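Note that the structure is a prediction, hence the values are computed from the model and not measured. Labels below follow one simple rule: chain letters A, B, ... track the order of the sequence lines, proteins then strands, and each chain is numbered from 1.
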Amino acid sequence: MNVIEHGRGKPPLDPHLKALENEAIHIFREVAAEFERPVMLYSIGKDSSVLLHLALKAFHPGKLPFPLVHIDTGWKFPEMIAFRDQVVAKHGLDLIAHTNPDGLRDQVTPFSHGSARYTDIMKTQALKQALDIGKYDAAFGGARRDEEASRAKERIYSFRTSDHAWDPRNQRPELWSIYNGMIHAGESVRAFPLSNWTEVDIWRYIQAERIDLVPLYFAARRKIVERDGMMILAEDKRLELLPDEIVREEMVRFRTLGCFPLTGAVPSSATTLDEVITELEIATVSERQGRAIDRDQSGSMEKKKREGYF
Amino acid sequence: MTGQTLSHNLLPGEDILDIDPHPQTAGRQARPLRFITCGSVDDGKSTLIGRLLWDTKAVKEDQAAALRRDSTGKQNELGLPDFALLLDGLQAEREQGITIDVAYRYFSSDRRSFIVADTPGHVQYTRNMATGASTADLAVLLVDARAGILEQTRRHATIAALMGIRQFVLAVNKIDLSNYDEAGFQAIARSFREIALSLGVRQVTAIPVSALKGENIVLRGDDVMPWYSGPTLVEALEKATQRTGQTTGFRLPVQRVSRPGEGFRGYQGTVAGGSIKPGDSVVVLPSGVEANVKAIVTYDLVRNAAVHGDAITLVLDRPVDVARGDMIAAIDQRPMTGRAFTARLVALSPDGIVPGKRYWLKAGSRRQRVMVRPTSALDLSTGNWDDATFLPVNGIGVVELDFEDTAIFDAYETNRDTGAFILIDPETFNTVAGGMIDGKRSKSGRFDALPDADRATITLPARLIEAFLKTEFARAHAGEIKVAGPEETEE
């Protein structure tokens, strides 16, 4: 068979990114070899885009030996869903989109139930349902240790009970690059090939590898409204404006992408990758600053993770 | 603080031995340096790491705001947030005020990026330190300038050396509280250097620092310590070398066999030693079948070479039987194969390591059954290896490994990737030990088979004796080893 070379004419990666790439590929291959039913969680964001790119590299010239699952809350930015469908078609991926049917039935929205309950039902519970339906014993995720304090201690293989619970006090030691993939029936692991990447690494890699992204990551004039100290995109009819809220147009971009009512934009003039990276290097706030769900309770992320959130 | 720039002059510090005079080129032109920090809360370890993250601007404003919110009333005298809160990410830790596990932190200077394994100072420190040290290139050992070297410092240095770390930085912290006493600093540095040398570590940099005030961490402390001309902590880290140290030939532990169709058959894995190019002759182990490399495939290019660390797909020139767990190795520099090895082990589980119990052993991609028999244990307070048949949790020991089928290893000393393994409990599936291969064992080489076990003679070629005397084990037992020329050898 003819082996396709995707990197003709592209300059080689610098040693820093090459080391991170090698580590991630190693993890992908190890999980794919040791587990019976792996799956990759695909959230359409920049980290997922990098994760997918690394997966394609790991199994080249073969296809991905596992499907992708996307947890669709119904409240994602429309541009994200369009982008997802393009990516699936381009790479011939096997993608399963799952929405929590209970949440749909009960008409759970970020407005009706508050961000904490909404996230639990439409993301955490939905994820557990999708993993149970597929009987997956390993799920790749794009989490990084630099994102949040409780993630700094999470292993690359993060073990979950049959209820998908994480016990941060009872993690297996992880030495060298030797991963213990032995689990009992019903248990599973979440595997994090991007554990050692930082936000700047992600952006540099996207640039070096020319990875396509949802356009929301780049600045453009967008309709926004101020709410709870965040700039919310005001383009969806389902967003009901409060009496004192005014929609205005501003040059903004998003540093992370989630559900549009819970994801704040940042003022930015960065319309290219170079400009985004420059902006990041002088940034004084972390990327999760725009995520309402991290802040709704103290120790928020650890609590969500214990309950099965990615 | 933010207005100052970092000084990157390579200063001729008198405490630096063997520092590479040609450090890797600037910026991202190097792999991230991985290091471990050892010390207790009392030594100011959290403050030191917090200071590193703060002064390199790895902490962002919203994180600092969350810190300020959480640390009401706990700000230090300089108006900075409580750094320990920044690091102790888990709720259980915040509640108990202790660090219970290994946490990984990321920061960058202008020249290099760093991954810190931050491990707890006291509780269960051996197993957590071993975990952090397993991937580290360098250890930062922290002492309080007023207390000097403690037994704990010696223990930490011993574990770091055992795990193969060959570069130490001694951070003599709270130097401000000792009135920047130069003589006191030099005395601590001297006694630490002796400990390091006894462990076979010659690359030692001692730095007087105040983590609280940020002196000699990222920014220099020349105003208060004009007598110190060596590097700051960050400069020392920038200059550190990576622990590649792979002296073996080509090694590819096979993770997966890729057969996407149309006659393509590739062996996927990460190069764990040496290098390879098309045309090279290799041997597949344990089968011993020989072949030549036809192609090195990656997503980007079909390459003309691959080196240690590269994740590749190898295609051979003839159909051979290769499975996950096999190793493809250089035909003229083969790893050891056999059913009996000796190794050093760190026991990680509360049950310890039980003699005669059968465990799963995983090394690279290879997993097999093994019988483990401890023969001696390291007493961290004396540095002696005493006879032992059981290793309790946090115990470090020498063990004999007996396999049911062929095992493939290099000595850890020569190749960390192919000389390291973990033990997995067959019932709980927990990782119960981390191990490092010393060498292959043969029946005749067993000391218990000798008539007089008190004193035995081994004869080695001179070049091997030199290598042996450089090992950490030999250095630790220098007083017990007698070296004699051929004419003096007792038969």
### Task
Check whether any side-chain heavy atom of R34(B) lies under 4.5 Å from a side-chain heavy atom of N196(A), and answer yes or no.
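Yes, side chains in contact.
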
#### Entry: Heavy-atom side-chain proximity of V3(A) to V315(B) below 4.5 angstrom
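No; the side chains remain at least 4.5 Å from each other.
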
Heavy-atom distances under 4.5 Å only: say whether [X] touches chain A with side chain, backbone, both or neither.
| X | value |
| --- | --- |
| R303(B) | side chain |
| I422(B) | both |
| T428(B) | backbone |
| R367(B) | side chain |
| V297(B) | side chain |
| L301(B) | both |

Is [X] in contact with chain B via its backbone, its side chain, both, or neither, using a 4.5 Å heavy-atom distance?
| X | value |
| --- | --- |
| L56(A) | both |
| E30(A) | both |
| E187(A) | neither |
| A24(A) | neither |
| F59(A) | both |
| P65(A) | side chain |
| K63(A) | neither |

### Task
Give a yes or no on whether K294(B) atom NZ has more than 12 heavy-atom contacts from other residues, nucleotides or ligands under 6.0 Å away.
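Incorrect, the count does not exceed 12.
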
#### Entry: Atom CZ of R259(B): over 12 foreign heavy atoms under 6.0 Å
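Check fails, neighbour count at 12 or below.
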
### Residues R172(A), L348(B); criterion side chain to side chain contact (heavy atoms under 4.5 Å, CB included); working and verdict
CA-CA 9 Å; R172(A) 290 179 183 171; L348(B) 308 168; over 6 Å; no

### Query
Pick one: which of R8(A), E5(A), K57(A) meets side-chain contact (heavy atoms from CB on, under 4.5 Å) with D300(B)?
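The side-chain contact (heavy atoms from CB on, under 4.5 Å) with D300(B) is passed solely by K57(A) among R8(A), E5(A), K57(A).
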
Under 3.5 Å, side chain of [X] to main-chain N/O of [Y], donor-acceptor pair present?
| X | Y | value |
| --- | --- | --- |
| H184(A) | E427(B) | yes |
| Q255(B) | A33(A) | no |
| R29(A) | T270(B) | no |

### Query
Distance from M163(B) atom CE to W176(A) atom CH2, nearest 0.5 Å?
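Going from the CE atom of M163(B) to the CH2 atom of W176(A) covers 4.0 Å.
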
### Query
So which heavy atom on I25(A) is nearest to which on A311(B), and how close?
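It is CG2-CB, 3.6 Å.
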
#### Entry: Distance-minimising heavy-atom pair for P32(B) and H16(A)
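Closest heavy-atom pair between P32(B) and H16(A): CG-ND1, 3.5 Å.
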
